[in-house]
Amino acid sequence: MKYPEYKQPLDYAKVGEDVLAWWQENHIFEKSVSSREGQPTFVFYEGPPSANGAPGIHHVMARAVKDIFCRYQTMLGKQVPRKGGWDTHGLPIELQVEKELGITKEDIGHKISIEDYNQRCRETVMRFKAQWDDLTQKMGYWVDLDNPYVTFEPEYIESCWALLKKLYDKGFLYKGYTIQPYSPAAGTGLSSHELNQPGTYRDVKDTTVVAQFKVKPGEVAEKLFAAAGGPNADVFILAWTTTPWTLPANTGLAVGKNIPYQLISTFNPYTFEPIHVVLARALVGRYFSEKGAAAPMEGYAEGDHKLLPWRLEGEFTGADLVGITYERLFDLTPFEGEERAFRVIPADFVTTEDGTGIVHISPTFGADDFRAAQLADIPALMVPDAEGTLGPIVDRTGRYVPQMGEFAGRFVKNYDGQDETAAGYRSLDVDLSIRLKEMSRAFKVEKYEHTYPHCWRTDKPVLYYPLDSWFIKTTAVKDRLIELNKTINWKPESTGTGRFGNWLENLVDWNLSRSRYWGTPLPIWRTQDRTEEICIGSIAELKAEIDKAVVAEVMTHNPYANGEKIDLHRPYVDDIFLVSPSGQPMYREPDLIDVWFDSGAVPYAQWHYPIENADVFAKNFPADFIAEGVDQTRGWFFTLHALAVMLEDSVAFKNVIANGLVLAKDGQKMSKRLGNAVDPFATIKQFGPDATRWYLIANAPPWDNLKFDPAGVVEVQRRFFGTLFNTYSFYALYANLDGFEIDENNRVAHADLSELDRWILSKLQSLIAEVRLQLDSYDPTKAARAIQDFVTDHLSNWYVRLSRRRFWKGELTTDKRGAYETLHECLSTVSQLMAPIAPFFAEWLYRNLSGGQGPESVHLTLLAEADATRLDGALEERMELAQRISSLAHSLRKKSVLKVRQPLQRILVPVLNDTTKAQVGLVEDLICAEINVKHIEFLDDESGVLVKSVKPNFKRLGQQYGPRLKAVGARIQAMTAAEISKLEKEGSLAVEVNGEPITLAPDDVEIRTDDLPGWLVATDGPLTVALDVTLTDALRQEGLARELVNRLQNLRKDSGLEVQDRIRVTLADQEPALAAAVAAFGDYIRTETQALALDFAPEVSGGSVLEFDDFAVPVRLEIATN
RNA sequence: GGGCUUGUAGCUCAGGUGGUUAGAGCGCUACACUGAUAAUGUAGAGGUCCCUGGUUCGAGUCCAGGCAGGCCCA
């Protein structure tokens, strides 16, 4: 058998393609699951992507993370079923369809039927499925694409219904109304998820008003009027709003109970009427200047109005103000509960950060307002519409209702697309402000820039608006959610404790309702009077109920009776009417449910559980591992957790990686708009899937944001994969020349391997342990970096470099076999360790090395285990010494301008103890070979030439002497040679510091020898090396011999000779030095260059010329035929 | 505004429980080596460890307050 050899450079993209094709032909993924049948399961859930957009590079990152741990666990012997899936419902799809059809939500049911609309959604949602599947395969993400769950399929929806019914039966489903973000432009409520789309919160300039609410005289207000000078005074409470259009819906004013407020006498700055106003003490300075306090009150109305005069008249706490009643600002329409309205109430969210420290309350248009009003029994201002149904003063299109007098029909924000820059344009807010000024009820009107949420697709401002909703009572299990969350291993931990933990601490009920068309319908039917209702938990149940309805003649026939494929979507379910126990017809609640319920239901619905497959579910719940973007924390991670706790009283996942964002290389967010998005297909095509994955994983931990720089992928490819490929090529080249093959049953015994072999094998054991540890703890980055360091630094740069001669010299000896076996084992094991991260290249490497032995794929193998018996700490330690000494010697050669090819007699290494001496002694050969010296000479105390210096051990001394450390340190650095020697010999030294006697121990200092008088030395920490640069004739000749070898090797290579070709060399006989070198080192030269003959001739023509430092020599080189 | 997170060389990143001289790779400069060669070695240049205060004999590391970026939530 031959090890395949490849041309440099390797085409990594092609490796990916070839391996992919081979996997598919040989069903390796299927085998990786089926071959683990009967083994413990490692449960993984695929967070369903939505296929209505093209995948990006961040998906490669997210999916690489998922893939790594599934492959790793498979290699640990576990069975890892991986069901793919698709998220198919939701607003993005609806909006895309609407955009394509050029319609809005309002057109549905008119211009297009719900049936056709949903059909369009169904077609649209999988539009990019082929691209996704393609990327999934090309990047090597192993997941079952053939049997995915799809959230729009009837079985999936049926499972959701079954789960909803379970929640219903537990009393976790209820209907209420809350103030919710609502987009009049889109005609729909917005989930918090939608509201948190990027770009939703924007800085806008709005007209803001500080309105004056006129206090009515009364018992509570008595103190105010007293301070204002009498019951006839005009006393106003100031309240600020950034949404003036809500002022007509005002029904209360909120104060902070403990906030101090002041009564100020002053003037209305627009009408100059004398008034008294109340606002928080902390904010008086915002509206009134110091100068104004001193300005004359008289004459303001007539005079110039630049300086508003004012006087402080009294101070009160918020508690003093609670209960005060005031006049309604816009008295446009009567409403229910009016007599309880227009009061000052307390609220804990009131601050003195901005405004006036008093908050205008409109319970229909603010969530905080709604809650505070409920607590204080303040009514909401609701008016009847044409059908008599009560609603707020703004209709669902964002327009004032007819009761709003002169403002009736106005849009509260620019929802009708008016040109705001046009000369005549005036917003409702502006017109209201003008009106208030005219009424002398505006204290200050100004533009104010603040952030305000916008509908993420229509770009129009969101309103907070009262909407009916079904809720899941997640707050009922809040404590259990928190408790079980603590058992989940979050990567990074802070996402679990911080972001997710805090979210659970501040949990509100899960708003399930969506007023849409394409999604899972809420399976609840109600009678018109809302007294009877039913929650349907399965198709069978629905059919049975329809049959009852047919009998009761509520329906004419059962549309699902004849066994055709059932579609549970709208509009079909809307046409189903059921009958209540009392015989009344029941209508389906028109809502759809939050798509996040769909995804949270994955653990159950992917198996059509609980309708069937209870055993499959039991085996696959909860998940051992999931991974998604950190933005899913309150999305998928939450819905999974919430449903698992409520339904199963369990976590849904035990380990979770919340990965960060992939940014463009400048740290900007990638976006098509900015043109800095990285195309995953192009990246894989250019660099291959492995380098892409490796870069994504090794460069930054998945939970940190990654700045994607293609230059980084290039570097990974060159440095890591290039080095690994070279190392393999090196092995293949020589193993093939020697006809070497691995024979597992006949290996060189470990004890018989060379020092270097045992060293790299020891390093390999450490690497195996490290990689396993890091992958066990879900840290792929550390694993990748460890592998990378091993391959480049240890295996290639030290082991192979120092072993080269062993591979290409001589016969297949035991030592050479040991080297082959060692290198083979290192490469094979690396192929396993890297397989989860770089699955294609690992496969390529494994299959090149295995020669058909063992499992056909690296992904079917069991990962090597660290063999403690081959770990040798002492060996690793002394090899490090060898590396450092070599490095020092190289640096000395450099300083003395002595090339490595010139042999030198010796290096001198001072050693202060026998251990170091013994350690270095064991690696002397390696050092000598590496730096081309004849031997190492150790200098110990006996030699008498060592000059010692001493360095304080601050860590130890600091603990002992604390504040005196500086003085002690200085004293130590001043130690004489005699003192050092005394400390060494006697084990202690008494000295004085600042007149106080102290005793030093040997551990208090570090003794080193970083100087050898008369020698050029180099030091690295405690290590010191000196180089003997004396050149003898013999050394010079040997140096020249090596130069000659080098020139001949270059010539061989330039002449295109194969490594194994034998040659005949003829040199021109013109340099005595060269002749002498050849005479002395002929055998060496012939061996090295594989020359059968090395002769001199008076004349050499027709050949090349070898250039040496001081001369040039003509040479002829021929291939030897025998 | 709140929560979480990041900030170390031109770039990408390491830097248990505080220890005085802060590292690596890439990039740059110079020299060397080389039958692994688009590799490698040695040396050099390059740092207010985001800022300010505090604790300490000693802070990149601990504490507090800021600043800047990111994500999430209002």
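Protein chains get the first letters and strands the later ones, always in sequence-line order, with residue 1 at the start of each.
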pair_partner(B:G25), Watson-Crick or wobble, both distances < 3.5 Å, evaluates to B:C11
Which of B:C33, B:A38, B:A36 is nearest the side chain of A:N726? It is B:A36
From B:C71, B:G70, B:A36, nucleotide with atom closest to A:V800 side chain: B:A36
Is it true that A:D206 and A:T242 share a donor-acceptor pair across their side chains at a distance under 3.5 Å? no
Any strand counts, and the cut-off is 3.5 Å on both contacts for Watson-Crick or G-U wobble. Which nucleotide pairs with B:G1? B:C73
Find which nucleotide of RNA chain B each of A:L957 and A:L1048 is nearest to by heavy atoms, and output the residue with the more 5' nucleotide. A:L957
Does A:S796 get its side chain close enough to the base of B:A39, under 3.5 Å, for a donor-acceptor pair? no
RNA chain B: A:R785 or A:H890, which has the more 5' nearest nucleotide? A:R785
By nearest atom, which of the nucleotides B:C13, B:C71, B:G25 is closest to the A:A700 side chain? B:C13
Could you tell me the separation between the CG atom of A:L504 and the P atom of B:C4, rounded to a whole number of Å? 15 Å
What's the gap between B:C57 and B:G44 when it is taken at their C1' atoms, as a whole Å value? 36 Å
For A:R499, answer base if it contacts any base atom (sugar-phosphate contacts may also be present), sugar-phosphate if it contacts only those atoms, and nothing otherwise; contact means non-hydrogen atoms under 4.0 Å. base
Of the nucleotides B:C72, B:U40, B:G3, which has the atom closest to the A:N502 side chain? B:G3
Does A:S891 reach a base, just sugar-phosphate, or nothing at all? Heavy atoms under 4.0 Å. sugar-phosphate
Report the base-pairing partner of B:C33 (Watson-Crick or G-U wobble, both distances below 3.5 angstrom), or none. none
Partners of A:D1004 by salt bridge (Lys or Arg N to Asp or Glu O under 4.0 Å), sequence neighbours excluded? A:R956
For B:G3 versus B:U8, give the span between their P atoms, rounded off to a whole number of Å. 24 Å
Is A:E715 touching bases, backbone alone, or none of the nucleic acid, heavy atoms closer than 4.0 Å? sugar-phosphate
Is B:A38 paired to anything, Watson-Crick or G-U wobble with both distances less than 3.5 Å, and if yes, which nucleotide? none
Have a look at A:R804 and say if it touches a base, only the backbone sugar-phosphate, or nothing, with a 4.0 Å heavy-atom cut-off. base
Closest to side chain of A:N797, choosing from B:A36, B:C33, B:U40: B:U40
Scan A:T633 against the nucleic acid and name what it touches under 4.0 Å (heavy atoms): base, sugar-phosphate only, or nothing. nothing
Taking only the side-chain heavy atoms of A:S494 (C-beta and beyond), determine which of B:G70, B:U5, B:A36 contains the nearest atom. B:U5
Complementary nucleotide for B:U55 - Watson-Crick or wobble, under 3.5 Å: none
So, A:E628 side chain and A:G47 main chain: donor-acceptor pair closer than 3.5 Å or not? yes
Which nucleotide sits closest to the side chain of A:R634: B:U5, B:G70, B:C72? B:C72
Rounded to the Å, how far apart are A:M61 CE and B:C71 P? 15 Å
Ignoring backbone atoms, establish whether A:R719 has a side-chain N or O less than 4.0 Å from OP1 or OP2 of B:C26. yes
Interatomic distance at P, B:U40 relative to B:G2, whole Å: 50 Å
List in chain and number order the residues that pass ring-ring contact (aromatic ring centres under 6.0 Å, His included) with A:Y731, two or more places apart in sequence or in another chain; answer none if no residue qualifies. A:Y3, A:Y820, A:H824
Nearest whole Å is fine: how far is B:A38 C1' from A:Y12 OH? 10 Å
Give none if B:G60 has no partner; otherwise give the nucleotide forming a Watson-Crick or G-U wobble pair with it, both distances under 3.5 Å. none
Report yes or no: do A:Q180 and A:N511 form a side-chain donor-acceptor pair below 3.5 Å? yes
Pair A:R801 + A:E930: basic N to acidic O under 4.0 Å: yes
G-U wobble or Watson-Crick pairing nucleotide for B:G16 (cut-off 3.5 Å, both distances): none
At 4.0 Å (heavy atoms only), tell me whether A:D789 reaches a base, stays on the sugar-phosphate, or touches nothing. nothing
At under 4.0 Å between heavy atoms, what does A:G958 touch on the DNA or RNA strands: base, sugar-phosphate, or nothing? base
Sticking with atom C1', work out how far B:A39 lies from B:A32, rounded to a whole angstrom. 15 Å
4.5 Å side-chain heavy-atom contact, A:L823 and A:T727: yes
With rounding to the closest Å, how many angstrom separate the P atoms on B:A36 and B:G46? 36 Å
